[in-house]
Structures are given as C-alpha cells and as structure tokens.
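Input: a single structure, listed below in structure tokens.
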Amino acid sequence: MRVIAARLLEWYDRHARVLPWRSPPGGAPPDPYRVWLSEVMLQQTTVAAVKPYYERFLARWPSVEALAAADNAELMAAWAGLGYYSRARNLLACARTLVAEHGGRFPGSAAELRRLPGIGDYTAGAIAAIAFGEPAAVVDGNVERVVSRLFALDNKPAVRARAAALTPAERPGDHAQAMMDLGATICTPKRPACAICPVRSDCRAFALGVQEAYPIRPAKAARPHRRGFAYWAEADGHVLLVTRPAKGLLGGMRALPTGAWGAAPSLADAPLSAEWRLLPEPVRHVFTHFSLDLSVACARVRRDEAAGEWWPIERLGEAGLPTLFDKAARLALRERMTETAIAC
DNA sequence: AACTCGTGGGG
DNA sequence: TCCCCAAGAGT
C-alpha cells in the first residue's frame with residue numbers, strides 16, 4: 001500500500017496537471033475558498049467546462065465575504081450554462097453560513113465541512129485534504145475507478161475502505177489529486193493507458209486483463225421523452241421572462257414561461273392570451289433523466305397584462321438563461337425574421 | 001435507497 | 001446519431 005502511494009506521488013510530481021485552482025505539487029496549500037469553489041463547480045462537471053466559470057467567479061467574488069454579499073439573481077445568472085443549479089443556491093447558502101456562524105472561515109476538518117450546504121462526503125474530504133492537509137478519504141468517480149481496478153473490487157464500501165487505507169499521512173492533498181489525475185488521464189473509463197501507468201505492476205485488474213470491467217456499473221435506466229411549450233411574448237422590444245421556483249428542474253433560474261411538460265402538452269397554459277404562432281421546429285434538449293422537444297410559441301402582446309419580468313431583448317445575454325431557454329430564445333429571434341411561424 | 005438534477009464533448 | 005460520462009449532493 002505504501003509503495004503504491006509513493007509511486008503515485010512520484011508520478012504526480014512530474015505529471016500533475018496545471019489547473020487554475022491548484023498549487024504545484026509539494027507547494028503551499030491553496031486558499032480554502034478557491035478549493036471549495038472549484039470543487040463545487042467540478043461536481044459532475046468537466047474541467048474544461050469549469051475553467052471559464054471559475055475564473056469569472058473568482059474575479060467577481062474574490063472571497064467568501066464577497067460571495068456571501070452577492071445578489072441572488074446575479075449569482076444564478078453567473079452560473080447559467082454550468083448546470084445542476086442547486087449547486088449555485090447551496091454555494092450562496094454555504095458562504096452566508098460561513099460568514100454568519102464561522103467568522104468567514106472554513107472549518108478545517110472534513111467532519112465539520114460535511115455539515116455545510118452543498119458539501120457532501122467527497123467535497124468535504126477534498127477540501128480537508130487539499131487545503132488543510134487532513135488525511136481524509138477522497139473518493140470521487142476517478143478514485144473509485146482507480147481503486148476498484150487496483151484491487152479488483154466490485155462494491156463501493158470496499159473501494160472506500162481501500163482508498164482510506166491508501167491515503168498517506170504526508171501530502172494527503174497531493175495524493176488525492178494524484179489519484180484523480182491518474183483517473184482522468186491514464187486510468188480512463190475506456191481504453192486505459194496501462195502501458196504508461198505508474199502503478200501498473202500493482203494493479204490486480206491489469207494482471208487479470210480485466211481493466212475495463214471495473215468499476216461495475218449499474219444498468220442504465222431508459223430515458224423517457226417529453227414534449228412541451230415555451231412562450232416568447234414580445235412587447236416593445238422586451239420579452240417576458242419568469243423566475244422558476246427554487247426547487248426542481250432549473251430551479252431559481254430566469255426562463256421563458258412554460259406549461260407542464262409531458263406526453264401531450266397543450267397551449268392552454270400560456271402566460272397570457274394572444275395569437276400564438278408556433279415555430280416550425282422545436283428545440284431538442286437532453287437532460288440526464290429525460291429528453292425534451294420544446295416547441296416555442298411566439299406572440300406580440302401588450303406589455304401590461306402578464307406577471308413576470310419584461311426584459312430588453314438586446315440585453316438578453318445578461319439575463320442568465322440556462323441552456324435550454326437560451327436555445328429557445330435564439331430560435332425565436334432567428335425565426336421571427338423569416339416569418340415562417342405557423343399560426344395556431 | 002432510488003430519484004432528481006444539466007451540459008457539452010468524445011468515441 | 002447515439003451513448004457515455006464528468007472532482008456528487010439532496011431528498
């Protein structure tokens with residue numbers, strides 16, 4: 001076990017990825033705020049997608065105090081496009097808790113971090129290890145894959161126990177990041193690069209020639225298909241936007257008004273009565289657990305009669321629409337020029 | 001414990 | 001085109 005951790009650290013010293021939120025291998029621990037911000041953004045999200053968001057957030061809100069004082073709508077708009085929007089709400093709740101109850105400081109142990117909003121087992125361990133040097137268990141998807149292959153393990157509790165036993169007292173943060181870098185660049189889900197792996201000689205799955213059989217994945221659930229309407233109500237250079245309820249899909253985000261989505265949606269739930277014209281092609285969008293054909297109904301209306309926010313169309317980019325509604329808005333703007341909409 | 005919750009890139 | 005999946009958390 002010690003040998004594996006040592007080989008891994010030696011490899012990390014030479015091959016660590018350079019990332020904006022990271023200290024170099026063996027360097028001083030990074031600012032806990034930066035570690036936390038990056039870890040939350042990286043939950044189920046690729047490094048490439050996170051980078052520009054991380055840079056923008058750090059420039060706009062450089063400290064916990066600054067973030068705690070952020071305007072809710074501005075923060076949600078800044079998160080738009082990154083997905084899993086409850087993370088943004090929890091980020092703000094966590095910052096405010098830290099300022100109100102912890103003097104604006106991050107607690108230094110995984111156990112305490114774990115109690116904060118949006119910080120689960122993984123993120124608590126990652127912050128504790130990387131920013132505070134605690135030899136905490138850090139088990140993300142990469143670590144699960146690496147450890148399950150190293151020891152040919154077929155269940156999560158066993159993987160977690162082995163990962164904990166593998167964690168060294170020295171440089172636990174670099175160890176965690178080394179495991180993740182190995183998983184991201186060499187011990188990949190498909191066609192792992194075992195030929196250049198620093199711990200190939202310690203790997204049971206490699207010895208058995210069954211690397212790609214690990215980790216064992218549960219069967220994929222079928223993805224249902226739904227249909228629905230979104231409404232582009234335009235008046236005097238403005239479009240009607242709503243803020244979606246805090247909980248649920250795209251919660252707390254600005255959006256075009258919609259009805260209920262399902263097998264047989266109807267235009268009966270429009271935000272106001274108007275001569276709606278349906279755009280010829282729907283927006284196709286795929287969420288994790290369902291796919292959606294969103295038809296866009298357009299109308300020119302009077303500006304007085306609807307509940308919502310009349311947003312200037314030329315500044316729509318600042319509204320912070322999530323990707324689905326950004327697609328719908330772009331389609332509406334394109335099609336209204338060509339007059340191909342169908343009266344309904 | 002099983003579901004819910006986004007998005008974009010790669011094979 | 002379709003499927004996979006990426007530094008998970010909350011309920």
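- A salt bridge (charged side-chain N to carboxylate O under 4.0 Å, His left out) check over residues 121-139 of chain A, counting only residues at least two apart or in different chains, returns the pairs A:R114-A:D121.
- A cation-pi arrangement, defined by a distance under 6.0 Å to the six-membered ring centre and an angle within 45 degrees of its axis, is absent between A:R204 and A:F151.
- Within residues 10-38 of chain A, the residues approaching DNA chain C are A:R17, A:L19, A:W21, A:R22, by heavy-atom distance under 4.0 Å.
- In this structure, A:M179 atom CE and C:dA6 atom P are separated by 15 Å, rounded to whole Å.
- A:W310 is linked by a ring pair (Phe, Tyr, Trp, His ring centres under 6.0 Å) to nothing, counting only residues two or more places apart in sequence or in another chain.
- Comparing the same atom, P, in C:dA7 and in B:dT4 gives a spacing of 24 Å after rounding to whole Å.
- Comparing C:dT11 with B:dT7, their C1' atoms sit 23 Å apart, to the nearest whole Å.
- Under the 6.0 Å distance and 45° angle rule, A:R223 does not count as a cation-pi partner of A:F290.
- By the side chain to side chain donor-acceptor pair (under 3.5 Å) test, A:R254 is found to be paired with A:E309, residues two or more places apart in sequence or in another chain being considered.
- For the side-chain hydrogen bond (donor to acceptor under 3.5 Å, both in side chains) condition, no pair includes a residue of residues 205-218 of chain A, sequence neighbours left out.
- Looking at residues two or more places apart in sequence or on another chain, you find a ring pair (Phe, Tyr, Trp, His ring centres under 6.0 Å) between A:F57 and A:W61, A:W79.
- Contact check of residues 142-167 of chain A against DNA chain C (heavy atom, cut-off under 4.0 Å) returns A:N142, A:R145.
- Of the residues A:I313, A:L279, A:L331, the one that meets the side chain to side chain contact (heavy atoms under 4.5 Å, CB included) test with A:W232 is A:I313.
- Straight-line distance from the CG atom of A:N90 to the C1' atom of C:dG10: 8 Å, rounded to whole Å.
- Residues passing the ring pair (Phe, Tyr, Trp, His ring centres under 6.0 Å) test with A:H15 are A:W11, sequence neighbours excluded.
- In this structure, A:H285 has its ring center closer than 6.0 angstrom to the ring center of A:F287.
- Residues satisfying the ring pair (Phe, Tyr, Trp, His ring centres under 6.0 Å) test with A:F106, not counting sequence neighbours, are A:W36.
- In this structure, the CH2 atom of A:W79 is 13 Å from the P atom of C:dA9, given to the nearest Å.
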* Structure fact -> Scoring nucleotides 2-11 of chain B by protein non-hydrogen atoms under 4.0 Å (B base, S sugar-phosphate only, - none) yields --SBBBS---
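- Every side chain to side chain contact (heavy atoms under 4.5 Å, CB included) that A:R115 has, sequence neighbours left out, goes to A:E112.
- Applying the 4.0 Å criterion to OP1 and OP2 of C:dC3, one finds that A:K220 has every side-chain N and O outside that range.
- Contacts between residues 120-130 of chain A and DNA chain C, counted as heavy-atom distances below 4.0 Å, involve A:G120, A:D121, A:Y122, A:T123.
- For A:R87 and A:Y84, the positive end is not near the middle of the six-membered ring at less than 6.0 Å and at most 45° from its axis.
- For A:H225 and C:dC2, the NE2 to P distance is 11 Å, given to the nearest whole Å.
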